There are 2 protein chains.
Amino acid sequence: MKISDFSIRSGLSIDTLRYYERIGLLPRTARDGGGRRSYGADDLAWARFLGKLQAMDMPIRERLAYSRLRSEGDATLGARRAMLEAHRAALVARQDELHGLIAALDGKITHYRDRATQSGDSQ
Amino acid sequence: MKISDFSIRSGLSIDTLRYYERIGLLPRTARDGGGRRSYGADDLAWARFLGKLQAMDMPIRERLAYSRLRSEGDATLGARRAMLEAHRAALVARQDELHGLIAALDGKITHYRDRATQSGDSQ
DNA sequence: TATTGACCTGGAGTGCGCTCCAGGACGTAC
DNA sequence: GTACGTCCTGGAGCGCACTCCAGGTCAATA
């Protein structure tokens, strides 16, 4: 698969794909005769998983650490699982935080609604 | 209140306080005889509210827009409420997204657990 | 065969959100 | 009255995560 197709299918821009390869987040991609990148199905699965880690707010340094572990093979399965579990805990914490923030926001919105034409401080 | 105390009580660094004032997120703070900033209780409420908007991932441009509305007085109450309601919807959407991502992560973690000593691709 | 369009590389530029720095002023403690 | 700590300003620098650009190569198409 050439980079333009891979970009569409992975959801990552062409520039981002080259950038990720440069920093080692994606392994050095296979090339065709003319030196152009040629992606396979396994590359797609990995790129999509990276996309998910990004959607989970995992910073690029951590994704890079995970990627390095992955490149070291099965010996690092435990370490990778530990990273995912730690990140899972962070996501759950963030969910809880959002819950509280939404509640606070609801209070504020209600307050605004109540004083639509009155005075007082609403920030 | 001087800036060092206000920094502690608001949770914003001294540099951040000055930066926010520079870009107009905090109104020009009152000064004492020597030209130093002198904060009041209302400043504190506003700074803390800004902190909450930040914790809600509201980008600085939006916080700035909100801040400008606030400085225009009660005429903008409706617009401010609309902003908060829009942001609330974004937070709820993000909560839902996190829910799905955590579920996906759980699948991955379970997969890792199952193949602790086996072969196969786990990303 | 000439042109077009997609691709390549290395490196520069961007936007966000601060954070740090130099050089200077003030006010309190000794 | 001088030393010290805290403050001031304007501006530079930084880390993140891309995004864009110049200058060049290559393959297919007209």
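Convention: sequence-line order gives letters A, B, ...; per-chain numbering from 1. Model, not experiment: these values are computed from the prediction. These numbers come from the heavy atoms of this one structure, side chains and all, not from hydrogens, waters or symmetry mates.
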*asked:* Rounded to whole Å, please give me the gap between CD1 in A:I23 and P in C:dG10.
replied: 15 Å
*Report the distance from atom CG of B:L12 to atom P of C:dC18, rounded to the nearest whole Å.*
8 Å
*State whether A:E72 and A:R80 are salt-bridged, where the test is any N-O pair (Lys NZ or Arg NE/NH1/NH2 against Asp/Glu carboxylate O) under 4.0 Å.*
no
*Please list all pairs passing the ring pair (Phe, Tyr, Trp, His ring centres under 6.0 Å) test where one or both residues lie in residues 5-36 of chain A, with sequence neighbours left out.*
A:F6-A:Y39
*asked:* Regarding A:R115 and B:D74, does a basic nitrogen lie under 4.0 Å from an acidic carboxylate oxygen?
replied: yes
_Euclidean distance, atom CG of residue B:L17 to atom P of C:dC20 [Å, nearest integer]_ = 14 Å
*Rounded to the nearest Å, what distance is computed from the CE atom of residue B:M1 to the C1' atom of nucleotide D:dT6?*
17 Å
*asked:* Holding to side chain to side chain contact (heavy atoms under 4.5 Å, CB included), I want the full list of residues that pass it with B:R61, two or more places apart in sequence or in another chain.
replied: none
*Once each nucleotide of nucleotides 17-30 of chain D is scored for protein heavy atoms under 4.0 Å, what B/S/- sequence comes out, 5' to 3'?*
BBBB----BB----
_A:I3 CD1 - C:dT9 C1' separation (whole Å)_ = 12 Å
*Ion pair present between A:R18 and A:E21, side-chain N to carboxylate O less than 4.0 angstrom?*
no
*To the nearest Å, how far apart are B:R31 CZ and D:dC8 P?*
6 Å
*Specify the separation, in whole Å, of atom CG of B:L26 and atom P of C:dC18.*
11 Å
*Report the distance from atom CD of B:E21 to atom P of D:dT9, rounded to the nearest whole Å.*
7 Å
*Let me see the working for A:R37 and A:D43 under salt bridge (Lys or Arg N to Asp or Glu O under 4.0 Å), right down to the final yes or no.*
CA-CA 11 Å; A:R37 291 172 180 78; A:D43 293 324; over 6 Å; no
